[in-house]
Amino acid sequence: MSVPASPKLRWITAGLLLLAAALAIALPFVSSTLLTIALGGMAIAAGSSQLLRLTAVEGRRGKLFRGLSALLYLLGGISLLAFPIQSTLSLTLFLGFLLAIEGLMELAAAAANGGPARWTVLLDGIVTAVLGGLLIAEWPLSGTWAIGTMVGIGLGFSALNLLTAPVGGAEV
């Protein structure tokens, strides 16, 4: 994230991020559903873009694959928009499996590699695998709060990062 050079703008931006974080955490079901709807809109935009670029592709195979890609994006986006609550539940389960697998991979990396940062990789793997396992174990109940809460926590850390970053437009 680019840090605003102006202290006033920095505080305003951090304040808005903290407000968004508080709302996402206080209303996790609403924020999860809104994020799912936004993802559906982005998928539809990506599918439309694929269709618009279809004429630029040479060859029958290229057109076929670009068309199939567009169709998948469009169907996925329409599905997310048509069934946002069910889609949020599905995305939460997917996120749980993704985190669990990522955690296991981190544990394998810690076991395979030595070095000074091995304990941080090990800790990262344990925490990530446990978070993924908790999402899976608590699913479908976790689907009503998990994505919104995680995004809220991420926004909060972004606000803290913004306030503690070096001044002068440095990249964070």
Side-chain angles (χ1 to χ4, degrees), residues 1-5 9 13 16-17 20-21 23-24 28-113 115 117 120-121 124-125 127-129 131-133 135-136 139-140 142-155 157-159 161-162 165 168-172:
M1 162 178 11
S2 181
V3 178
L9 184 57
T13 305
L16 289 172
L17 281 170
L23 286 172
F29 177 74
V30 173
S31 58
S32 294
T33 306
L34 289 174
L35 286 166
T36 301
I37 291 169
L39 188 60
M42 288 186 276
I44 289 174
S48 300
S49 172
Q50 293 283 359
L51 282 177
L52 291 173
R53 297 181 329 159
L54 192 61
T55 57
V57 176
E58 292 188 25
R60 207 176 310 155
R61 277 183 134 166
K63 288 184 189 294
L64 175 68
F65 288 124
R66 174 74 46 93
L68 285 174
S69 174
L71 185 64
L72 286 173
Y73 272 114
L74 289 170
L75 290 175
I78 291 168
S79 175
L80 288 171
L81 292 178
F83 307 104
I85 295 170
Q86 295 88 339
S87 297
T88 301
L89 296 175
S90 298
L91 288 172
T92 303
L93 186 61
F94 173 75
L95 181 63
F97 279 109
L98 183 71
L99 289 173
I101 292 168
E102 179 188 352
L104 293 174
M105 293 297 155
E106 291 290 332
L107 290 172
N113 299 324
T120 58
V121 175
D124 179 26
V127 169
T128 304
L131 284 174
L135 285 177
I136 295 166
W139 189 83
S142 62
T144 60
W145 61 267
I147 293 175
T149 301
M150 289 180 184
V151 167
I153 292 169
L155 288 171
F157 276 107
S158 292
N161 189 15
L162 182 63
E171 292 291 322
V172 176

To the nearest 0.5 angstrom, please state how far the CG atom of Leu104 sits from the CD atom of Glu102. 10.0 Å

Out of curiosity, Leu64 CG to Arg66 CZ, how far, rounded to the nearest 0.5 Å? 12.0 Å

To the nearest 0.5 Å, atom OG of Ser87 lies from atom CG of Leu35 at 13.0 Å

Looking at every non-hydrogen atom in both residues, tell me the closest pair between Thr92 and Ser142 and how far apart they are. CG2-OG, 3.6 Å

Which atoms form the tightest heavy-atom contact between Gly148 and Ser32, and what is the distance? N-OG, 2.7 Å

Could you report the tightest heavy-atom contact between Gly152 and Ala24, atom names first, then the distance? CA-CB, 3.6 Å

Does any non-hydrogen side-chain atom of Met150 lie less than 4.5 Å from one of Leu135? yes

Please name all residues satisfying side chain to side chain donor-acceptor pair (under 3.5 Å) with Thr88, sequence neighbours left out, ordered by chain then number. Thr36

Applying side chain to side chain donor-acceptor pair (under 3.5 Å) to Thr128 and not counting sequence neighbours gives Asp124

Test item: Ser48 and Leu74 side chains (from C-beta on) under 4.5 Å apart, heavy atoms: yes

Glu106 and Gly125 have their tightest heavy-atom pair at CB-CA, 3.4 Å

Which heavy atom of Leu162 sits nearest to which heavy atom of Leu17, and what is that distance? CD2-CD1, 4.3 Å

How close do Leu54 and Gly67 get, counting heavy atoms only, and between which atoms? CD1-N, 3.7 Å

Report the distance from atom CD1 of Ile136 to atom CG of Leu95, rounding to the nearest 0.5 Å. 9.5 Å

Separation of Ile153 CD1 from Thr149 OG1 (nearest 0.5 Å): 6.5 Å

Which distance, rounded to the nearest 0.5 Å, do you find between the CG of Leu68 and the CG of Leu72? 6.5 Å

Looking at Gly154, is its backbone amide N or carbonyl O close enough to the side chain of Ser158 to form a donor-acceptor pair, meaning the two atoms are under 3.5 Å apart? yes

Heavy-atom check, side chain of Phe29 versus side chain of Ile85, under 4.5 Å: yes

From the list Leu91, Leu81, Leu34, side-chain contact (heavy atoms from CB on, under 4.5 Å) partner of Leu39 resolves to Leu91

